[in-house]
Amino acid sequence: MSPDSAQLLSELRDRLPADTLLTDPETLAAHTRDAAPFSAAGVPAVVALPRTAAQVEEVMRTAYRCGVPVVPQGARTGLAGAANAVDGCVVLCTTRMDRIGTIDPVNRLVRCEPGVITKHLNDAVAAYGLTYPPDPASWETCTIGGNIATGAGGICCVKYGVTADYVLGLDVVLPDGRRMRTGHDTAKGVAGYDLTRLFVGSEGTLGVIVGATLALRPARSPALALLAQFPSLTAAGHAVAAITGGGYVPSAVELLDRATSQAVAEFGHPLLRADSAATLIVESDAPDPAPDLAAMKALCEKAGAGQVVAAGTAEESLKIIEARRLVSPALGAFAASLGGQPTAFIEDVAVPPSELPKFVGTIEEIARHHRLRIFTLGHAGDGNLHPTVVFDESDPDEVRRARTAYDDIMAAGLALGGTTTGEHGIGTLKREWLGRELDAVSHALHQGIKRLFDPRNLLNPGKVVEA
């Protein structure tokens with residue numbers, strides 16, 4: 001431990017409860033990184049687990065004075081390395097700050113702390129006939145603070161939007177320990193610069209979120225779903241275009257490519273045929289979803305779907321939606337059959353929806369070129385795909401090919417007018433690619449904003465942009 005870290009720990013022990021500061025090797029090891037592949041991580045000097053915003057302020061003030069970096073963490077479900085520790089840092093984990101405060105059904109808002117698990121928040125507001133729509137895949141374990149920090153999305157964002165659309169205001173502790181409030185409780189408000197949006201998606205590089213005011217919506221109507229399989233990616237793309245161009249507003253439009261469809265079929269889902277080039281899962285939660293579902297079924301058939309199954313009941317819909325939820329276990333089963341040390345990384349590239357067929361076809365070409373299995377799934381309604389490369393990390397050549405394929409996929413997305421991340425963030429994993437995506441002026445302004453908020457570069461250093 002460095003002298004600075006030792007001094008910080010000594011001072012914090014005088015001011016914080018004993019169980020707030022953990023230094024045992026097992027805890028330090030557990031908090032070194034999030035779930036991102038190919039991303040470096042250091043060993044923290046201490047893990048701080050505050051219970052109050054005042055304790056966060058104390059940690060930040062002391063770390064700033066001692067010159068010790070601080071890395072904010074939530075549930076560590078992130079996939080870009082934004083929560084990875086740096087050597088000798090304080091890991092500031094907010095999972096103990098998990099209180100849900102005011103639930104206001106009249107103004108349709110809720111106040112909560114950053115450690116609240118996303119599903120728990122939704123369960124709490126459901127008692128008032130309300131919902132918090134953002135639904136990341138990890139919503140049963142990820143936290144609100146992490147969702148805000150990464151700008152998380154989800155399956156239903158094609159209709160309901162992403163996390164940023166629901167953040168009305170934030171309580172934030174700055175790198176030097178000062179605390180500030182952004183935003184407002186009103187539906188409208190344009191006083192001053194939109195600092196709330198600046199913090200959303202900043203990945204813990206500008207401040208530590210200690211509280212959030214979030215917008216709520218009326219509870220969603222029971223949904224109906226359909227599953228359509230196509231002989232080509234182009235046909236599936238035409239179906240998506242016909243649905244969105246026809247004025248329909250589905251609550252989910254999910255795409256599984258050939259490899260993913262085959263994996264789920266072989267895992268045992270009865271509705272999927274293994275020989276289809278693409279599968280679409282479309283859901284409608286309109287007040288009366290049956291007519292919309294019937295119309296979207298007809299559009300899929302007109303686009304060339306070889307098989308379309310439309311649900312008539314909630315139970316049938318659950319069976320269809322299960323095909324999407326079985327992707328992870330199906331890929332896990334495939335990986336387990338490979339031998340060696342199988343692992344996977346999940347990409348996060350978004351392109352204009354009109355470019356989806358071309359993009360997925362390019363990914364399949366990249367897989368063939370690099371002799372890899374790449375499973376592409378994602379949110380076809382908004383163009384955000386998650387190509388998943390499964391490879392043997394004990395094979396150096398296969399690791400090299402997987403890394404190269406990762407870069408090739410991002411380059412292909414940018415070439416189609418897309419972005420290197422739709423909802424996972426930049427972290428350390430895509431910092432170089434952010435420099436390619438932004439023009440020089442924009443990149444310089446990003447660096448300037450970081451220096452303005454964090455002139456000593458102590459808060460989550462090395463993430464998103466270099467100061």
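The figures here come from the full heavy-atom set of this structure, side chains too, leaving out hydrogens, waters and symmetry mates.
Not one N or O on the side chain of Arg61 forms a donor-acceptor pair closer than 3.5 Å with the backbone of Asp176. Formation of a donor-acceptor pair under 3.5 Å by the Thr94 side chain with backbone atoms of Met97 is not found in this model. Checked by atom type and distance alone, the side chain of Lys463 pairs as donor or acceptor with a backbone atom of Asn84 at under 3.5 Å.
Taking 4.5 Å as the limit, some side-chain heavy atom of Tyr160 sits within range of a side-chain heavy atom of Tyr166.
In plain terms, the two heavy atoms of Gln55 and Thr20 that are nearest each other are OE1-OG1, 4.3 Å. Of all heavy-atom pairs spanning Arg324 and Leu256, the tightest one is CD-CD1, 4.3 Å. Across all non-hydrogen atoms, the minimal contact from Val210 to Pro114 is O-CD, 3.3 Å. Pairing each heavy atom of Gly145 with each of Ile209, the nearest pair is O-CD1, 4.2 Å.
In this view, Tyr406 and Phe345 satisfy the ring-ring contact (aromatic ring centres under 6.0 Å, His included) rule, not counting sequence neighbours.
Between His386 and His424, the angle of the ring planes stays under 30°, which puts this pair in the parallel group of the 30/60° scheme.
Annotation: cation-pi geometry not satisfied between Arg401 and Phe391 (NZ/CZ under 6.0 angstrom from ring centroid, within 45° of ring axis).
In summary, the side chains of Glu437 and Thr420 do present a donor paired with an acceptor at a separation below 3.5 Å, with no hydrogens or angles considered. Counted by atom type alone, Asn122 and Thr131 present one or more donor-acceptor pairs between their side chains at under 3.5 Å. When only modelled atom types and interatomic distance are considered, Asn147 and Thr163 share no side-chain donor-acceptor pair under 3.5 Å. No side-chain N or O of Glu11 forms a donor-acceptor pair with one of Thr62 less than 3.5 Å apart. His120 and Glu140 are not linked by any side-chain donor-acceptor pair at a separation below 3.5 angstrom, with hydrogens and angles left out of the test. In the model, Ser261 has a side-chain atom that pairs as donor or acceptor with a side-chain atom of Thr279 under 3.5 Å. Using modelled atom types, one finds a donor on one side chain and an acceptor on the other under 3.5 Å when comparing Ser5 with Ser2. For the residue pair Thr260 and Asp257, a side-chain donor N or O sits within less than 3.5 Å of a side-chain acceptor on the partner. Side-chain contact, Asn384 with Asp348: a donor N or O sits under 3.5 Å from an acceptor N or O. No hydrogens or angles considered: a donor-acceptor pair under 3.5 Å links the side chains of Asp24 and Thr27.
Salt bridge absent: Asp98 and Arg51 never bring a charged side-chain N and a carboxylate O closer than 4.0 Å. Using a cutoff of 4.0 Å between basic side-chain nitrogens and carboxylate oxygens, Arg108 and Asp104 are not scored as salt-bridged. With respect to the salt-bridge test (charged N to carboxylate O, under 4.0 angstrom), the residues Arg220 and Glu283 qualify. A salt bridge is absent between Asp171 and Arg111; no separation between the charged side-chain nitrogens and carboxylate oxygens falls under 4.0 Å.
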Show which side-chain atoms of residues 151-159 pair as donor or acceptor with protein atoms under 3.5 Å away, not counting sequence neighbours.
residue: Lys159; atom: NZ; partner: Asp285; partner atom: OD1; Å: 2.6

